[in-house]
**Q** 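Before anything else, here's the structure in question.
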Amino acid sequence: MVDMKDPHIPVVGVVTDIRIDTPDVKTFRVVTPDGKKAFEHKPGQCAMLSIPGVGEAMFSITSSPTNTEFMEFSIKKCGCVTEWLHSMEVGQQITIRGPYGNAFPVDTAFVGKDMLFIAGGIGLAPLRSVINYCRHYRDRYGKIDIVYGSRSMEDLVDYKEIIEEWSNDAGVNVHLTIDREQPEWTGHVGFVPNYVKELGFTTDKIAILCGPPIMIKFTLAGLQEIGFDKTQVYTTMELRMKCGVGKCGRCNIGAKYVCKDGPVFRCDEVDELPDEY
Amino acid sequence: MQEITRDVLVNKASELMSAGTVDRVLGWMRGEFDYDITPAVFSTEEELKNNFVWNDFCGANFSKYLIRETQKSENKVLVFLKPCDTYSFNQLLTEHRFDREKVYAVGIPCNGMVDMTEIKKANEAIKAIEESGDSIVVKTLYDGDVTLDRADVLLERCKNCKSKKHVAYDELIGDDGEIIESARFDEVAKLEKMTADERYAFWQNELSRCIRCNACRDICPACTCEKCVFDNPNSGVENKAPADSFEEKMFHIIRAFHVAGRCTDCGECSRVCPQGIPLHLLNRKFISDINEFYGEYQAGSEVGNRAPIVNYTTEDLEPGEAVGRGGIDA
Amino acid sequence: MRKISLDKLDLLFSEIAKSAKLYLPVDTDNGAKYDVWEDGKKLSDALNTVRSAKDFFFPQTENLMDFKMSGKNIEIIDTRSECEDFVVFGVRACDVKSFEILDRVFLADPVDTFYKNRREHGVIISMACNKPAETCFCKTFGIDASEPCGDIATWKTDDALFLDAKTEKGEKLLSALEKITEAAKDADAEPQKALIKERLARLPLAELETSAFGNGKTNELFNAPEWKDLSESCLGCGTCTFVCPTCQCYDIKDFNTGNGVKRFRCWDSCMYSEFTRMAHGNNRLSQLERFRQRFMHKLVYYPTNNDGLFSCVGCGRCINKCPINMNIVKVMKKLGGKKNG
Amino acid sequence: MQMNEYKPLIVAFCCNWCSYAGADLAGNNRLSYPADVKIIRVPCSCRVNPMFILRAFQKGADGVIICGCHPGDCHYTSGNYYTRRRMALLFSMLEFLGIERERTRVEWVSAAEGAKFAETMNDFAETVAALGENKRLEDLRCKK
């Protein structure tokens, strides 16, 4: 029995790079002590990071599975674990276990489709792995549109990557927006749900939503207004997860366990769940 | 039988409800059996008529429910208070925990409540329980009827009842009683006379059963913090389970300390403990120490009293003098 | 089937205890509890133990692993060790059923090795309930207290104990006991079974039934107005969850000992206000939501995910222990439509 | 004290305005007291929550002493009076639970009483040493 691997026991990870994205978001690069990726994952899956003595917390893996060298996590400072993570230096060891949850159906339902990614704030983190996966296998998917908004310019996560890489890809359109005017900002100003409606997308796309609940609510309504069906819209709820292995009894919405049946849900599936999110 | 029957209380409640004095009633609701009575809010006379009970198992102290209940509406709520409940009622008022104007308190006399755990210790599979004078007749499913002396199966707090006198009410049903010179500190004194080793062994045995269900805290009318230190993940002591025997002790010492001077000795903590730990002894130790060190004090006897632990005199005894007193082994 | 006369129970226990640690219910001042058998310990006559038998496989706290930290480095120390064999005697039918319910959680992929370790090393000797109590409603969940499962089932009559092996593990143990037990015919235990069956049928809660609950009833029951009244007086303590043989929610916490970190698991309760508190907020803010979660989990969510199996075994502990006497029976009666009314 | 002798770990909560300065004075005057006395500075003796004391025992302390201003001399007028009541009740409770009463103490030490500070610590350390290791309020997980 004791030679079996237990899902609660993590492995050691080393933080090899820390990038400051915004005033409260940092992106951490993690590998095992011998320099490898800790485990393979699929786009949309999560991993449990922990600092012994502080606690464990679940994070979306922001790097794409196609990255064979390391994993990345974009983490916003909002609790004890994240606070600790933000205070660490390169070379610090942490523990990591996973991957947890289902993934976006990038190899099935999404194939051959035009993709519309809509994110707000730190909500870009779970989508980044999908976006980069789609960019890696560019020929499998149609046009890619990315609508991304944040409070201010400084709060746009992965701004450098968006401008330098995503915007330059053929067939990838990036639409950025910030909530309030800023002197040095020349792009769009306004909230994401309105911007999506203004942009007026064709309805033959798959839409993937991630952001604050209020943004999701209004964007979903907006998408439906312009003709999207709920079966075309996906979202992720990894915020609710705790143990990751479907046992601790916290993350369920009705009979669905977010850590096993989710975190990725199609919006029509969400409708069938009781109103508890 | 209780002097006051259920019907008297139901009629009183219906009367106050139809007169518009109150629009709901905090009372005891009938359960599946004779003894599993739940505190409930009754808002119609119909509900009262069907489900209200008043019998030997109405131990629940409603004072704490008033905090939540008075926040729900601008209208008055009727609450039935047994004498011991009125002390908690006053203590909560002293601490400004609810609005007195939103409560209509009816004092009811009490002959002591029966401890179901005590009955079940010797009798399992109980069909019905009937009161007959000073006796309780337990009708069992397989072993016939068993007659018990009512005085033997009272809740501990009722065996050592400290007061039959109501210290707060808007209206009183029946006659008021007197404050009783009870033997409630005898058990504390007995423990004090033991050697330190014996006391340690006693508490080690009792507290080791704790499962940290928090029932003692959650039922306690003195534990009304919006957020308890033991629930706060940032407190460093948010221990959900007794992972070590130290944590059981810490929880119970700190809990008793936090209510010291405010505990009215209502005994609810011991009544609800699923593991039968005599938690009231910890509270009574503090009460008896306070009485001895700083003068007689009964929390809740009057609204507005200043609790001894938030008070001082320049002549107080030194902590070094506090130990080893009154029969404690020297 | 084997049998042994009651006056030789001590012999039976000492024989079992030769090969494995033996636990059995013994009486204490505060009701029956499982204890290690040693010479002189008497089997309790109580219907059931105050705490459930789940502790044997899912203890209230257990250490999962240790960490040693030095500078920026972390060492993970796997503290697991192979569990010693043990035997639990006198487990009632309801508690035996609870193991099946826990199995489906802990042994589901990914397997919880801490649980599995103990589960594999434990032998369960069940015992039929001669005197089921008024708070028993195991029948509601398809459990027959006259035919308990487990590795070995036993029946106690006025003068003898009948033993019947139900699994391979049980057969192995029972055959090791052959020299102190005598052969018996299945029919010999029949009168006792019949007596129990007849008693079970006459229990006050015998008619309680589950048709209003189970797979697919989520949306129907979730917004039922009855939850408000039912949860009104709930204190939000964890008594019901901790005495419940099937409640298995847990928390994982770290404890800094000053010379390392211990990561341990402990029982948690969905009734606690902080239960679902995460960095982003709390999913279930009101006691109504938390109360509903507990009963919906037992009566709807669990069966939905587990082929209709309910995660209540009708042991009645919550009826006995709830500080305010609210319990699953009252919930079922209130929500269960006319049939249970 | 001999080298191989058991040395108790003492936690001393010292008021910033008096005993902490008293400890300083003891140091300046080269008065010796056991090195195993760990001083924790608090703004006032009444800052010491009963939980602090229990947690000190949990993490391995064998004795806990609280030092504050003499009654009447509190920097905040009345803090030490509250300390006096709280600790009287707490110590009595610890004794009630069978925990050796000599393991806890309150002393009033002013900023000028460097000698008293050293003396108090020596005496307390000796008393605790005589009791031996703290077993009754220990947390087994914190033992090496």
Side-chain angles (χ1 to χ4, degrees), chain A residues 1-15 33 50-58 76-82 88-95 100 212-213 239-257 260-261 272-277, chain C residues 64-69 72-76 78 80-83 105-106 108-114 116-118 120-121 215 218-219 222-223 247-256 260-263 265 268 270 275-276 278-281 283-284 289 293 296-297 300-305:
Chain A
M1 194 48 44
V2 294
D3 41 5
M4 241 178 104
K5 204 180 142 27
D6 189 273
H8 295 97
I9 301 181
V11 296
V12 174
V14 189
V15 177
S50 129
I51 300 96
V54 182
E56 288 189 305
M58 189 71 85
K76 181 171 171 164
K77 192 150 77 164
C78 61
C80 3
V81 175
T82 53
M88 46 184 203
E89 293 167 11
V90 169
Q92 175 68 46
Q93 292 194 341
I94 56 171
T95 73
Y100 295 120
L239 283 176
R240 302 176 67 104
M241 285 199 223
K242 167 85 180 176
C243 73
V245 291
K247 303 186 198 298
C248 84
R250 280 175 181 75
C251 65
N252 67 305
I253 307 172
K256 294 275 186 217
Y257 280 79
K260 283 191 112 174
D261 305 311
E272 288 165 24
L273 303 176
D275 189 17
E276 202 186 16
Y277 50 85
Chain C
L64 297 181
M65 68 204 87
D66 288 352
F67 298 99
K68 284 259 180 270
M69 333 267 280
K72 288 181 172 175
N73 293 335
I74 296 173
E75 188 194 344
I76 302 171
D78 188 345
R80 291 178 297 170
S81 63
E82 203 72 24
C83 175
V105 176
F106 289 112
D109 183 53
V111 172
D112 184 307
T113 58
F114 299 91
K116 191 171 185 222
N117 188 5
R118 285 185 286 262
E120 281 182 356
H121 287 277
N215 198 346
T218 304
N219 290 327
F222 192 83
N223 292 314
C247 271
Q248 46 69 219
C249 291
Y250 61 82
D251 195 7
I252 295 173
K253 301 190 76 68
D254 286 359
F255 179 77
N256 194 334
V261 171
K262 287 190 177 295
R263 178 162 291 170
R265 155 159 73 190
D268 202 346
C270 55
F275 180 64
T276 48
M278 308 278 153
H280 79 287
N283 300 335
R284 292 190 270 269
E289 290 167 282
Q293 161 66 19
M296 286 292 277
H297 184 219
V300 182
Y301 305 155
Y302 189 94
T304 301
N305 294 328

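Keep in mind the model is a prediction, meaning the values are calculated, not measured. Every chain is numbered from 1, with letters handed out A, B, ... down the list of sequences.
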**Q** For the interface with chain A, which of Asp109(C), Asn219(C), Leu64(C), Thr304(C) has the highest count of heavy-atom pairs at distances below 4.5 Å?
**A**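 Top count of heavy-atom pairs under 4.5 Å with chain A: Asn219(C).
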**Q** Is it true that atom NZ of Lys256(A) has more than 12 heavy atoms of other residues, nucleotides or ligands lying nearer than 6.0 Å?
**A**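 Not buried by this count: 12 neighbours or fewer within 6.0 Å.
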**Q** Just how far is it from atom CD of Gln92(A) to atom CD1 of Ile74(C), taken to the nearest 0.5 Å?
**A**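 It is 6.0 Å, given to the nearest 0.5 Å.
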**Q** For Lys76(A), is it the side chain, the backbone, both or neither that has a heavy atom under 4.5 Å from a heavy atom of chain C?
**A**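 For Lys76(A), there is no contact with chain C at all, as no heavy atom is under 4.5 Å.
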**Q** Measuring from atom CG of Asn252(A) to atom OG1 of Thr276(C), what distance do you get when rounded to the nearest 0.5 angstrom?
**A**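 That separation rounds to 9.5 Å.
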**Q** Rounded at 0.5 Å granularity, tell me how far NZ in Lys242(A) sits from CG in Asn283(C).
**A**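 Interatomic distance, Lys242(A) NZ to Asn283(C) CG, rounded to 0.5 Å: 12.0 Å.
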**Q** So which heavy atom on Ala255(A) is nearest to which on Tyr301(C), and how close?
**A**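 Here Ala255(A) and Tyr301(C) meet closest at N-CD2, 3.4 Å.
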**Q** Please classify the contact of Phe106(C) with chain A as side chain, backbone, both or neither, using a heavy-atom distance under 4.5 Å.
**A**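 Both backbone and side chain.
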**Q** Return the option, out of Cys248(A), Cys243(A), Gly249(A), with the maximum number of heavy-atom pairs under 4.5 Å with chain C.
**A**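 Of Cys248(A), Cys243(A), Gly249(A), Cys248(A) has the most heavy-atom pairs under 4.5 Å with chain C.
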**Q** Considering only heavy atoms from C-beta outward, does the side chain of Pro10(A) approach that of Met65(C) to under 4.5 Å?
**A**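 Yes, side chains in contact.
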**Q** Against chain A, label Ser81(C) side chain, backbone, both or neither, depending on which of its atoms sit under 4.5 Å from a heavy atom there.
**A**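 When you check distances to chain A, only backbone atoms of Ser81(C) fall under 4.5 Å.
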**Q** For the residue pair Asp254(C) and Val54(A), what are the closest heavy atoms and their distance?
**A**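 Here Asp254(C) and Val54(A) meet closest at OD2-N, 3.9 Å.
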**Q** Sort Val15(A) into side chain, backbone, both or neither according to what part of it lies under 4.5 angstrom from a heavy atom of chain C.
**A**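 Neither part; nothing is under 4.5 Å.
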**Q** Is there a side-chain contact between Arg250(A) and Asp251(C) (heavy atoms, below 4.5 Å)?
**A**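 Yes, side chains in contact.
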**Q** Who among Asn256(C), Val300(C), Ile252(C) has the most heavy-atom pairs with chain A under 4.5 Å?
**A**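 Greatest number of close heavy-atom pairs with chain A: Ile252(C).
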**Q** Is it the side chain or the backbone of Tyr250(C) that comes within 4.5 Å of chain A heavy atoms, both, or neither?
**A**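 Both backbone and side chain.
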**Q** Closest heavy-atom contact between Asp6(A) and Asp112(C)?
**A**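 Distance-wise, the nearest heavy atoms are OD2-C, 3.6 Å.
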**Q** Which region of Phe275(C), side chain (C-beta onward) or backbone (N, CA, C, O), has a non-hydrogen atom less than 4.5 Å from a non-hydrogen atom of chain A, or is it both or neither?
**A**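 Interface part for Phe275(C): both.
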**Q** Which of the residues Met69(C), Arg263(C), Glu75(C) is involved in the greatest number of heavy-atom pairs with chain A at under 4.5 angstrom?
**A**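 Ranked by heavy-atom pairs under 4.5 Å with chain A, first place is Arg263(C).
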**Q** Taking the side chain as every heavy atom from C-beta outward, state whether Ile9(A) and Arg80(C) have any pair of such atoms under 4.5 Å apart.
**A**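 The answer is yes, as the side chains (C-beta and beyond) meet within the 4.5 Å cut-off.
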**Q** Between Cys270(C), Ala108(C), Pro303(C), which has the largest tally of heavy atom pairs under 4.5 Å with chain A?
**A**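 Top option by heavy-atom pairs under 4.5 Å: Ala108(C).
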**Q** What part of Met58(A) gets within 4.5 angstrom of chain C, counting heavy atoms only: side chain, backbone, both, or neither?
**A**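 Answer is neither: Met58(A) stays 4.5 Å or more from chain C.
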**Q** Tell me, out of Gly13(A), Ser50(A), Cys251(A), who's got the most heavy-atom pairs with chain C below 4.5 Å.
**A**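 Top count of heavy-atom pairs under 4.5 Å with chain C: Ser50(A).
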**Q** Which atom pair, heavy atoms only, marks the closest approach of Val245(A) to Pro110(C)?
**A**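 Smallest heavy-atom distance, with atoms named: CG1-CG, 3.5 Å.
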